[in-house]
Amino acid sequence: MMSNSRLSANSLCSDAAGIAGNVFALVLFMSPTPTFRRIVRNRSTEQFSGSPCIYTLLNSLICLWYGLPLVSPGVIMAATVNGIGVVFQAFYVLIYIAYTSQAKKLKMLGLSISVLMLFLAMVFISLQFNDSCSRQIFFGYLSVASLISMFASPLFIMKLVIKTWSVEYMPSYLSFSTFSTGPDPFIYFSNGIGTILRTSQLALYSYYKNVSIEDLREPFMNSGAR
């Protein structure tokens with residue numbers, strides 16, 4: 001009786017964590033909307049990088065396939081939320097391609113095609129395994145790598161942040177978000193590494209955000225002194 005109630009409590013906590021993870025993931029997918037609204041309004045991608053969208057698209061595709069019962073029974077929530085994520089990221093990539101320069105347009109098209117081909121190759125390889133356990137382990141490691149690369153992607157713009165002393169073009173939504181979608185060791189591990197990466201990004205964001213605010217205040221203080 002006691003063990004049954006304990007199992008029930010563990011299952012309830014697990015489901016609650018999965019639902020909370022899905023909510024955070026949806027917030028993550030929707031958070032770039034203001035940036036892309038600005039891109040459409042200005043008809044230019046300015047200095048925004050399209051790399052985070054590419055990494056997040058690949059991650060969503062991998063986690064979508066990983067969460068399917070064919071690969072990982074019991075983590076269907078990972079598949080449903082990442083299915084939505086694929087739609088969002090594909091939409092963002094299309095907007096970026098539409099409003100970026102010709103050179104970046106070709107680069108983004110090449111990266112998008114490469115992501116699709118890479119994902120299809122992964123799916124084909126996973127289908128060669130005869131049992132779901134092998135498929136789960138294979139795609140589990142891939143999901144860890146893709147989640148870590150997604151969380152690390154904002155660091156690629158660190159050079160621009162340091163050079164301009166501004167966080168205007170840093171995709172902070174990947175730093176503020178959490179991406180836990182179910183009771184799965186691969187997801188837990190990748191989120192642990194992601195926490196370390198997000199902490200470093202938030203430290204960078206906080207430092208240069210404060211510097212930018214001080215730079216904005218200084219002219220007003222100088223003008224007031226006159």
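No hydrogens, no waters, no symmetry mates; every other heavy atom, side chains included, goes into these values. Worth saying up front: this structure is predicted, and the values here are computed from it rather than measured.
- Phe29 CZ to Thr56 OG1: the interatomic distance, rounded to the nearest 0.5 Å, is 7.5 Å.
- With Ser72 contributing its side chain and Gln136 its backbone, the two residues share no donor-acceptor pair below 3.5 Å.
- One finds the CD1 atom of Ile54 at 9.5 Å from the CD atom of Gln89 (value rounded to the nearest 0.5 Å).
- Rounding to the nearest 0.5 Å gives a distance of 10.5 Å between CD1 of Ile84 and CG of Leu64.
- With sequence neighbours excluded, no residue satisfies ring pair (Phe, Tyr, Trp, His ring centres under 6.0 Å) with Phe91.
- Residues Val123 and Leu61 are not in side-chain contact: their nearest non-hydrogen atoms beyond the backbone lie 4.5 Å or more apart.
- The OG1 atom of Thr100 sits 13.5 Å away from atom CZ of Arg43, with the distance rounded to the nearest 0.5 Å.
- For Ser134, the side-chain hydrogen bond (donor to acceptor under 3.5 Å, both in side chains) test picks out Asp131, with sequence neighbours left out.
- Sorted by first and then second residue, the side-chain hydrogen bond (donor to acceptor under 3.5 Å, both in side chains) pairs involving residues 113-129 (not counting sequence neighbours) are Trp65-Ser126.
- Residues that satisfy the side-chain hydrogen bond (donor to acceptor under 3.5 Å, both in side chains) test with Thr33, not counting sequence neighbours, are Tyr92.
- Both Phe36 and Phe88 belong to a common hydrophobic cluster when Ile, Leu, Val, Met, Phe, Trp and Tyr are linked at side-chain heavy-atom distances under 4.5 angstrom.
- Sorted by first and then second residue, the ring pair (Phe, Tyr, Trp, His ring centres under 6.0 Å) pairs with a member in residues 104-137 read Phe129-Phe138; sequence neighbours excluded.
- If you chain together hydrophobic residues whose side chains sit under 4.5 Å apart, Ile62 and Leu127 fall into the same group.
- Under the 4.5 Å side-chain heavy-atom criterion for ILVMFWY residues, a single connected hydrophobic cluster contains both Ile125 and Leu118.
- A side-chain hydrogen bond (donor to acceptor under 3.5 Å, both in side chains) check over residues 101-112, counting only residues at least two apart or in different chains, returns nothing.
- Here CG of Leu111 is found 12.5 Å from CG of Leu116. Values are rounded to the nearest 0.5 Å.
- Met30 and Val40 fall within a single hydrophobic cluster, where Ile, Leu, Val, Met, Phe, Trp and Tyr are joined by side-chain heavy atoms under 4.5 Å apart, directly or via other members.
- Taken from CG in Leu142 to CG in Leu58, the straight-line distance is 9.0 Å, to the nearest 0.5 Å.
- Side chain of Tyr99 to backbone of Asn42: no donor-acceptor contact under 3.5 angstrom is found.
- In the hydrophobic clustering of this structure, Ile95 does not group with Val87; members are Ile, Leu, Val, Met, Phe, Trp, Tyr whose side-chain heavy atoms approach within less than 4.5 Å, directly or through other members.
- Leu57 has its side chain out of reach of Cys53: every pair of non-hydrogen atoms, C-beta onward, lies at least 4.5 Å apart.
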